[in-house]
Amino acid sequence: MAQSIPPGDIITQPNAKVVFNAPYDDKHTYHIKVINTGGRRIGWAFKTTNMKRLGVDPPCGVLDPKEGVLVAVSCDAFAFGQEETNNDRITIEWTNTPDGAAKQFRREWFQGDGMVRRKNLPIEYNP
């Protein structure tokens, strides 16, 4: 039954993008808050377009209705201006958890025929 109901909304703080500021000769960490504003438990997972530069911790989890989690997005040191950064972004995907499922993340929730929603957060690098 859970699979036929679209997942509710989430809020991310920040809402639109993640900004890292120079210098880039050391690792930076930025915190994002993810809040499940819907009425059902969801499973969520982050993806990134640049695995070697960007990391997310924790990368996935489960949120009950109205629950929030703080996620650390890290940017490893890199040669700013010498590496392509225009397409860097992180994406959060979320889906309803099956009725009665334990509050433990399962990758297969995203591989069935249930609806998965996603939100892109571009990464902006300030010189």
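Since the structure is predicted, the reported quantities are computational estimates derived from the model, not experimental observations. Only heavy atoms go into these numbers, but all of them, side chains included; no hydrogens, no water, no symmetry mates.
- Around atom NZ of K103, more than 12 heavy atoms belonging to other residues, nucleotides or ligands sit under 6.0 Å away.
- Rounding to the nearest 0.5 Å gives a distance of 5.0 Å between CG of L54 and CD1 of I123.
- The side-chain contact (heavy atoms from CB on, under 4.5 Å) search around N86 returns E84, not counting sequence neighbours.
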Let's go through K119 and N15 carefully: what are the C-alpha distance in whole Å and the side-chain angles of both, what is the deciding distance for side-chain hydrogen bond (donor to acceptor under 3.5 Å, both in side chains) to 0.1 Å, and is it a yes or a no? CA-CA 10 Å; K119 177 177 182 175; N15 181 48; 2.8 Å; yes

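- Between the side chain of H31 and the main chain of Q13, no donor-acceptor pair closer than 3.5 Å is present.
- In terms of hydrophobic clustering, with Ile, Leu, Val, Met, Phe, Trp and Tyr side chains grouped at heavy-atom distances under 4.5 Å, V56 and V69 are assigned to a common cluster.
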Start with the C-alpha distance between V19 and N126, add both sets of side-chain angles, then the distance that settles side chain to side chain contact (heavy atoms under 4.5 Å, CB included), and finish with yes or no. CA-CA 7 Å; V19 179; N126 285 332; 3.3 Å; yes

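- How far CG of N50 is from CD1 of I90: 12.5 Å, rounded to the nearest 0.5 Å.
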Are V62 and R41 close enough, and set up right, to give a side chain to side chain contact (heavy atoms under 4.5 Å, CB included), and what steps lead you there? CA-CA 7 Å; V62 178; R41 180 181 284 174; 3.4 Å; yes

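- Hydrophobic clustering of Ile, Leu, Val, Met, Phe, Trp and Tyr side chains at less than 4.5 Å, counting indirect connections, keeps I11 apart from W44.
- The salt bridge (charged side-chain N to carboxylate O under 4.0 Å, His left out) test with R40 is passed by exactly one of D64, D99, D9: D99.
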Go through the steps to decide whether Y125 and D88 satisfy the test side chain to side chain contact (heavy atoms under 4.5 Å, CB included), and finish with yes or no. CA-CA 9 Å; Y125 299 95; D88 284 10; 2.7 Å; yes

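- Looking at every heavy atom in both residues, D76 comes nearest to K52 through OD2-O, 3.5 Å.
- T95 approaches M115 most closely through the heavy-atom pair OG1-O, 2.8 Å.
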Does the pair R53 and E83 meet the rule for a salt bridge (charged side-chain N to carboxylate O under 4.0 Å, His left out), with working shown? CA-CA 10 Å; R53 182 162 46 232; E83 293 185 31; 2.7 Å; yes

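- The main-chain N or O of K66 is never found under 3.5 Å from a side-chain atom of N36 such that the two would form a donor-acceptor pair.
- Judged by distance alone, the side chains of N120 and T91 do bring a donor and an acceptor atom under 3.5 Å apart.
- Relative ring orientation between Y24 and F78 is described as tilted, the plane-to-plane angle lying within the 30° to 60° band.
- Residues E93 and V116 come closest through the heavy atom pair CB-CG1, 3.9 Å.
- Across all non-hydrogen atoms, the minimal contact from I10 to I92 is CD1-CG2, 3.8 Å.
- When all heavy atoms of S74 and F20 are compared, the pair lying nearest together is C-CZ, 4.3 Å.
- N96 contributes atom CG, which lies 10.0 Å from atom CZ of R117 (distance to the nearest 0.5 angstrom).
- Take Y30 and apply the ring pair (Phe, Tyr, Trp, His ring centres under 6.0 Å) test, not counting sequence neighbours, and it matches no residue.
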Apply the test side chain to side chain contact (heavy atoms under 4.5 Å, CB included) to residues V18 and I32: give CA-CA distance (whole Å), side-chain angles for both, the deciding distance (0.1 Å), then the verdict. CA-CA 8 Å; V18 174; I32 297 178; 3.6 Å; yes

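- Taken to the nearest 0.5 Å, the CG atom of D26 stands 9.5 Å off from the OG1 atom of T29.
- A donor-acceptor pair under 3.5 Å is absent between the side-chain atoms of T97 and the main chain of I42, judged by distance alone.
- Here the closest non-hydrogen pair linking F105 and C60 is CD2-SG, 3.5 Å.
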